[in-house]
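Shown next, in structure tokens, is the structure this report addresses.
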Amino acid sequence: MFRAVKTDVKFPKQEEAILDFWKSNRIYEKSLEQREGGKPFVFFEGPPTANGLPHPGHCLTRAIKDLFPRYRTMRGYWCNRKAGWDTHGLPVEVEVCKELGIHSKEEIEQFGVEKFIAKCQQSVWRYMQEWERVTERLGFWIDLSQAYVTYQQSYVESVWWSLKNLFDRGLLYRGHKIVWWWAQGGTALSSGEVGQGYREVADPSVYVRFPILGSVNPSLANASLIVWTTTPWTLPSNQFAAVHRDIEYSVCQEETAEGEVAGERFVVAASLVEMLAEKIKRKLRVVSSVKGAELVGLRYQPPFDYYHQTRGSQVGSLKTGGESIREWRVVHADFVTVDSGTGIVHLAPAFGEVDYDVLVAERERFVDGSGPALICAVGPDGKFTEEAPDYQGVWVKDADKPITRALRERGKLWHQEQYVHDYPFCWRASEDPLIQYPRESWFIRTTAFRDAMLENNRQIGWLPEHIGSGRFGNFLESNVDWALSRERYWGTPLPVWVCESTGKKDAIASYDELCSKPGVQGLDVWLDAKAKNPELAEDLKVHKPYIDAVTYDSPFAKGARMHRVPEVIDCWYDSGAMPFAQWGYPHSGKELFAAQFPADFISEAIDQTRGWFYSQLAISTMLFGDKPGQTSVSSAGNGYPHPFKNCIVLGLMLAEWYESKDGKQRFLTEEDARAALGGDFVQKTGKMSKQLRNYRSPQEIFDRYGADALRWYLFANQAPWNSILYSERAIRDSIPEFILRLWNVFSFFTIYAEIDGFVGPADISGPLDQLGSDELSRSKTYRPVAQRSELDRWIMSELAATCRDVVDRMDRYDSYGACQSLHGLVDALSNWYVRRSRSRYWASDKSSQDKIDAYWTLYEALVVITKLIAPFTPFLAETLWQNLTGSLEGVRESVHLCDFPTGDFAPTDATLNARMALLREIASLGRSARMESKLKVRQPLGRVEVTLANDTHAAWLTEHDDIVREELNVKEIHYTSGASPFVSYSVQPNFRRLGPRVGALLPKLKQSLGALSGSQLMEEMTRNGKILISIDGKEIELDGEDIQVRLSAKDGWAAAQGSSCVVALNTALTPSLIREGIVKDAIRLVQDLRKRRQCNFTDRIVLTVYCESQQILDALQEHRDFLTSETLASSLHLQLGSGDTTCELVELADEKVAIDLKIVPEA
RNA sequence: GCGCACGUAGCUCAGUUGGUUAGAGCGCCACCCUGAUAAGGUGGAGGUCCGCGGUUCGAGUCCGCGCGUGCGCACCA
């Protein structure tokens, strides 16, 4: 038995009840248990950083991550979903520092590393709980209880194992390189991290004179090289000036107003002279030219003396014999261009990677130890050292101004301006600019795997496709060795121990391995700490500072000890290791890893290209495969070293808000803005920003509209890889557009099922399971679809077609297309099937088979749709399922335990679907024509003429003209496909067919056909089955398929044209039609009154109508039976007069009418 | 600077292998319908499909060059 449900449903509340239901009945767990042994569908959770609250963008990721596993589970796959949390790294440290009000490493050390990492660990726990709440509320089914956590010992040990593997294969090395250095944080950053922090800034840019020393070329004597730099602070560390040997340089002088040349001579690239002259607003004259090659070797005076004073004249021995000045020479460099600057480049090898390469190359020319040493006037803290006493202790960026001033004072500054460019800042401490700095650091030799990574990348199914060859492929092409180490605290410790005597190194793969090293000491540091504070998480023992205390006997030198290196590793490595580290592999979980690698499906936003997508691919490629040293995973039977087979790359989510024109007031919805500002506001879209508070928290969205509304919005509004607007209005709109529409159909069903006592499958004896057709057909009242009315067969055919379409699309990861398909189905069900079937549900004979068919059809459609939408809007689906299955014996307790419908219950009847679509179009056109002629649908019309482009479906349409008559409220309908007085025809070629055949003649053919009479051509076609046309002397024969007939309504008719038919109305009104119209109006007025008086659907009434117009009363009298049956009136009194005060006063056909309505008490 | 993507109605977006009348939803306005009723329908828009050039019988769709936006890269000296 079904109970009528209300239409004023509160979805958020309903969803929370469903959450409880899922939890208390372990539905998720059961959905997995049920599929055990099924084909696995492997999903990897890219671990969110447990730092900061989840925002709407994360909801998109989590919704997509939920959708496909749910779908696959219903399709019979076993999809294990293990949650994970990324817990290490700079973000966490920064967050804790903020909390402690500290910033620098010194302050952390002062605070105490032990206390600091304990705080880090607590901090991530706090955020993990927030994340879990949102995850659950969104309906993201994932096993949170078994989540992998990157700081846990087993995870860390997996990472250690992988690093030891790389170390043993010589792929993990310590190198001296110029790295992007976060001075305040005292650590290097990986290219991935650097990339996150680029920002446009205006830096001072200076053109500086480097006077040439001792040139033998007279035109260069006393001339200066002009170099350009945007980092004045690097000038004290200048070591070389670079030119390109093939570039033409000019020696210039300024030209005075009199046309004389005067003043200093200087050297710049010839092609830049004009541009530079404009910059300094002087006329320049080229006094001589010189090739770059001729400049190479010249000495110059650097702008600062700090090193030059003592080393300026030092020479070194060249390998080729002879000697050379070591530094402050002009050198050649390939990278020098004339794109900007002066064509002469200031080199400070300490602060630029290419500059450093030049130094190394120069050093190569000298006998060992005799070449130039690195000049670096800046300490690791980013402040000048005593080597540049004028600026000692000054932060480099603060030194730009005083340095520029000093240059000007000493006459070295040739020109100065602002230069706007992108410059990296620390991605977590966004006020701290990064600097390039020479540093010893640990690297992974990823460049050795570049080609392998590219090959693996080609195996990945990227959505959208262009990511693979485009963005991600390009990123791999420009691969550089992974700068792995971080001189920080909260991270996976680098598992490398160094011999204090020989400097030789050793890597370990687990804590146990470490403990079993000979002469191991320092394990007590952890034990003591734990004894002092039993609350300490056991996992911390593999972290700093405890792990640093562990030492052991060196295998390399007797009596020497092995000490761990101080560094921790890049947290991106942690995340990329998750395919195996989530199982603790290889220390545990070998079978799980073998079975769960690679992933069938992952998804993250596009910002993970250089993040998780890369880290996974890089690590998997290096570790797993068939190369020596790699761990072969082919035993798993898949042989893929690439970690994921399909990846949906999501677009970024943008915020939408409304603000006052001055930007001072901000609102999240248009209504709020309108309420506060009237019409005086603007809509804005842009990045989500915590500071601007330009978006509503996910929790608020859940409370207001529900998780299903958000989910449907995210899935159904655009392809997932497009950037998406987090539009509150659009989220809200997804309720009436889809969710509520479906709910209304369901509500309609329950209202009448209750009235008629339709019990659905409740009368079926024997076990029920998923309520498929096979089960329902066991009901005595259930007839095979083939025996039911055409409308029933139609909706079942549409239903089956949609099932097939959705499956097809979802198998291709096309969630957007699947949603469109579902939307169309619900629209067809609501706006045609139910609309056209209403009278069947109202039929008074409760045992009429047609009525029962209607119930069964609608019931089954709802059951199937409920299953179809389950992965998309799981809450709504569950509510519907519970209501539709009620207390049925044995039926699956949740829709999420059902199989996804594949449409095998009914064939798709394409002809029927096409015919019904045509019928719907005719109805729609008819309404359009009525509108045009201002004839409301309640006014019956005599006749409608439908002219069809072809008569394929004419007979069928004629059989169904009752539907159109009712839809359009006309007495008669006439179909024709021939000549018609209100339609003109034009014949067009079928371009797609004829294009290849007639080619260039097509335009002329079109013209010729257009010029001929359409109806004559049609006649010819009907008579001969073909048309002959001569174009430029060529005979062209056209058959029926070669032409397309277009109809258009002639002017002067109440007609509307569609793609394949014209619908014209006979607008002549007879008195009889007018009287009928009056009755329809009256019925409408009474129904309205019934509702206002809050009648039940089944209440009978006594109806009295008073009116001064005999004409109206006559009309009502004439259609008395119609009026009473439509309004459930048990008696009807028609009175001439104006009625009394209990009456409702209304207007009917421009006359005043009073209606009295009394409910008949139930017997 | 280089790369990738995007640029279609007021807004948000669809647009299949190129086929000649470019669609949807929303918003706005008007009207209609209504025993699913805090739903539903019809219409108005009539859009230089960012611009220019090319390929083609035919271009929103393919190619080239620009312009704009977003994101990414880096030899930003």
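Quick note on labels: first sequence line is chain A, next is B, and so on, each numbered from 1.
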Between protein and nucleic acid, restricted to nucleotides 3-7 of chain B and to nitrogen or oxygen atoms under 3.5 Å apart, what atom pairs and distances do you find?
residue	atom	partner	partner atom	Å
B:G3	O2'	A:N474	ND2	2.3
B:C4	O2	A:R471	NH2	3.0

Output one line per pair: protein atom, nucleotide atom from nucleotides 39-41 of chain B, and distance, for all N/O pairs under 3.5 Å.
residue	atom	partner	partner atom	Å
B:A39	O2'	A:N744	ND2	2.7
B:G40	OP1	A:R741	NH2	3.3
B:G40	O3'	A:N831	OD1	3.4
B:G40	O3'	A:N831	ND2	3.3
B:G40	O2'	A:N831	OD1	3.4
B:G41	OP1	A:N831	ND2	3.2
B:G41	O2'	A:R927	NE	2.8

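Partner of A:H346 under the side-chain hydrogen bond (donor to acceptor under 3.5 Å, both in side chains) criterion, out of A:T229, A:D355, A:T234: A:T234 alone.
As a whole-Å value, the separation of A:L968 CG from B:C32 P is 17 Å. Atom CG in A:D1081 sits roughly 12 Å away from atom C1' in B:C32 (whole-Å rounding). For the pair A:R993 CZ and B:G18 P, the computed distance is 19 Å after rounding to whole Å. Spacing between atom NE2 of A:H823 and atom C1' of B:C13 amounts to 13 Å, rounded to whole angstrom units. In this structure, the CD1 atom of A:I731 is 15 Å from the P atom of B:U12, given to the nearest Å. Whole-Å rounding puts the A:R1084 CZ to B:C33 C1' distance at 8 Å. Whole-Å rounding puts the A:D607 CG to B:G72 C1' distance at 11 Å.
Here the two rings, on A:Y859 and A:F2, have centers that are under 6.0 Å apart. With ring centers used as reference points, A:Y855 lies under 6.0 Å from A:Y841.
Residues that satisfy the salt bridge (Lys or Arg N to Asp or Glu O under 4.0 Å) test with A:D814, not counting sequence neighbours, are A:R809.
By the 4.5 Å heavy-atom criterion applied to side chains, A:H466 and A:R471 are not counted as neighbours. A 4.5 Å side-chain heavy-atom check between A:I467 and A:F613 finds every atom pair outside the cut-off. Side-chain contact check for A:L825 versus A:D805: every heavy-atom pair is 4.5 Å or farther apart.
Taking the side chain of A:Y816 as heavy atoms from C-beta on, and the options B:C13, B:G19, B:A36, the nearest nucleotide is B:C13.
Of all nucleotides present, only B:G54 satisfies the Watson-Crick or G-U wobble test against B:C62, with each distance under 3.5 Å. Base-pair partner of B:C6: B:G68 (Watson-Crick or G-U wobble, both distances under 3.5 Å). Under the Watson-Crick or G-U wobble criterion, with both distances below 3.5 Å, B:G43 is paired with B:C29. Both distances falling under 3.5 Å, in either a Watson-Crick or a G-U wobble arrangement, occur for no nucleotide opposite B:A74.
Checking the phosphate oxygens (OP1, OP2) of B:G19, no side-chain nitrogen or oxygen of A:Q988 falls inside 4.0 Å.
Between A:F738 and A:W712, the ring-plane angle classifies as parallel under the 30° and 60° cut-offs.
For A:R992 and B:U20, a side-chain-to-base donor-acceptor distance below 3.5 Å is absent, hydrogens and geometry of angles not being considered.
Nucleotides B:G25 and B:G68, compared at atom C1', are 26 Å apart to the nearest Å. The gap from the P atom of B:C26 to that of B:G40 amounts to 8 Å, rounded to the nearest Å. Straight-line distance between the C1' atoms of B:G66 and B:G43: roughly 41 Å, to the nearest whole Å. Taking atom C1' on both B:A22 and B:C67, the two are 24 Å apart, rounded to the nearest angstrom.
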